[in-house]
Amino acid sequence: MKSNPADYTDLDPEKLPAHVAIIMDGNGRWAKKRLVNRVKGHEKGTNTVRTMVRTSRELGISTLTLYAFSTENWQRSKMEIAGLMALLKKFLKSEQKEMLENDIRLNAIGEIDRLPKGVQQELQNTMNITKNNSGMLLTLALSYGGRSEIVKMVREIALAAKTGQIGPDSITPELIARHLYTKDMPDPDILIRTGGEMRISNFLLWQIAYSEIFVTNTLWPDFSKEEYVQILKAFQGRERRFGKTES
Ligand code: IPE
Ligand code: IPE
Ligand code: MG
């Protein structure tokens, strides 16, 4: 029988990644190709977000982290930022029901207090109503920057040192991880970037130390469930050595 690339049965349920992180890139180029406003690309991109959340949940992935807006993205035009924020608010409202039905808990990481008040309220509201869900943790990285996260961590640790709570020897990788936004999550097993750029763009700098990286040229609005499953299959074929020799 010819194998269907979207066929979940091809995936080994024992070897699924616990944490998938995605840099959702290419909405602007998708819009440009069609001679429409960039915000139209972001709008189309929210459909892909819905599909990826659903598929990840169906597969039984326990943690999905999506890079939706970076600290650097504040430098875009007022119009594009306003369009993105409006879409985010709309998305949160429209997905609440599905998150509840599918046992998904919403979480947000980044400088959340920089977001417009209305967005912060909708985020808080969605996080509250989903807080007891445990099927999948969906984290949106919003106004997120890996360097700003590291600065926050260093400040917290410096304060603990200054007040005598810890000494230099207490500073370990585990302590550092406990001061990051991702303190309760495993590190990403996979980092996927759509849109073809071979770069990290300030995403999860500490946490991706040993993530398997997949970059696809597909633009985020065109990214499909089939391609996602193909990437997961390729992940299952990779040997993760973590610096050791092959087993
Ligand atoms: C990613 O798409 C979404 C955000 C960064 C908010 P882009 O808007 O960066 O799309 P391109 O890279 O310009 O195509
Ligand atoms: C990365 O995409 C940020 C998000 C996907 C939210 P960018 O489009 O902002 O990254 P660069 O500018 O290509 O590095
Ligand atoms: Mg981009």
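Every number for a ligand or one of its atoms is a count from 1 in the order of the listing. Heavy atoms only: backbone and side chains are in, while hydrogens, waters and symmetry mates are out.
For ligand 2 and S201, the ligand atoms under 4.0 Å from any heavy atom of the residue are 1 (C), 10 (O), 11 (P), 14 (O). Taking every heavy atom of R76 and a limit of under 4.0 angstrom, the matching atoms of ligand 2 come to 7 (P), 8 (O), 9 (O). Atoms of ligand 2 found under 4.0 Å from any heavy atom of F69, numbered from 1 in the order shown, are 6 (C).
Looking only at atom types and distance, the side chain of S201 has no donor-acceptor partner in the side chain of Y67 under 3.5 Å away. Checking Q96 against E122 by side-chain atom types alone, a donor-acceptor pair falls below 3.5 Å. W30 and D222 share a donor-acceptor pair across their side chains, judged by distance under 3.5 Å alone. Counting only N and O atoms by type, the side chains of E111 and T71 include no donor and acceptor under 3.5 Å apart. No donor-acceptor contact under 3.5 angstrom links the side chains of Q207 and H19, judged on distance only.
The N/O atoms of G28, backbone and side chain alike, include one that comes under 3.5 Å of an N/O atom in ligand 1. Polar contact check, N73 against ligand 1: no nitrogen or oxygen pair lies under 3.5 Å apart. Ligand 1 has a nitrogen or oxygen under 3.5 angstrom from a nitrogen or oxygen of R38.
By the criterion of a heavy-atom distance under 4.0 Å, neither the backbone nor the side chain of K33 is placed next to ligand 1. Residue-level proximity to ligand 2 for A68 is carried by the backbone, the only part with a heavy atom below 4.0 angstrom. By the criterion of a heavy-atom distance under 4.0 Å, the side chain of R193, and not its backbone, is placed next to ligand 2. Contacts between K32 and ligand 1 below 4.0 angstrom, taking non-hydrogen atoms only, are absent altogether. Under 4.0 Å from ligand 1, not a single heavy atom of L219 appears.
For E149 (side chain) and Y181 (main-chain N/O), a donor-acceptor pair under 3.5 Å exists by modelled atom type. Without hydrogens or angle criteria, Q236 side chain to D12 main chain gives a donor-acceptor distance under 3.5 Å.
Separating the NZ atom in K131 from the OG1 atom in T126 is a distance of 12.5 Å, to the nearest 0.5 Å.
F203 does not carry R193 over the face of its six-membered ring by the limits of under 6.0 Å from the centre and within 45° of the normal.
Heavy-atom separations between G26 and ligand 1 include at least one value shorter than 4.0 Å.
If you check each of E197, M24, Q75, R199 against atom 5 (C) of ligand 2, the one with the closest non-hydrogen atom is M24.
D25 lies close to the Mg ion (ligand 3), since one of its N, O or S atoms is found at a distance under 2.8 Å.
When only non-hydrogen protein atoms are considered, atom 7 (P) of ligand 1 lies nearest to D25 OD1, 3.5 Å.
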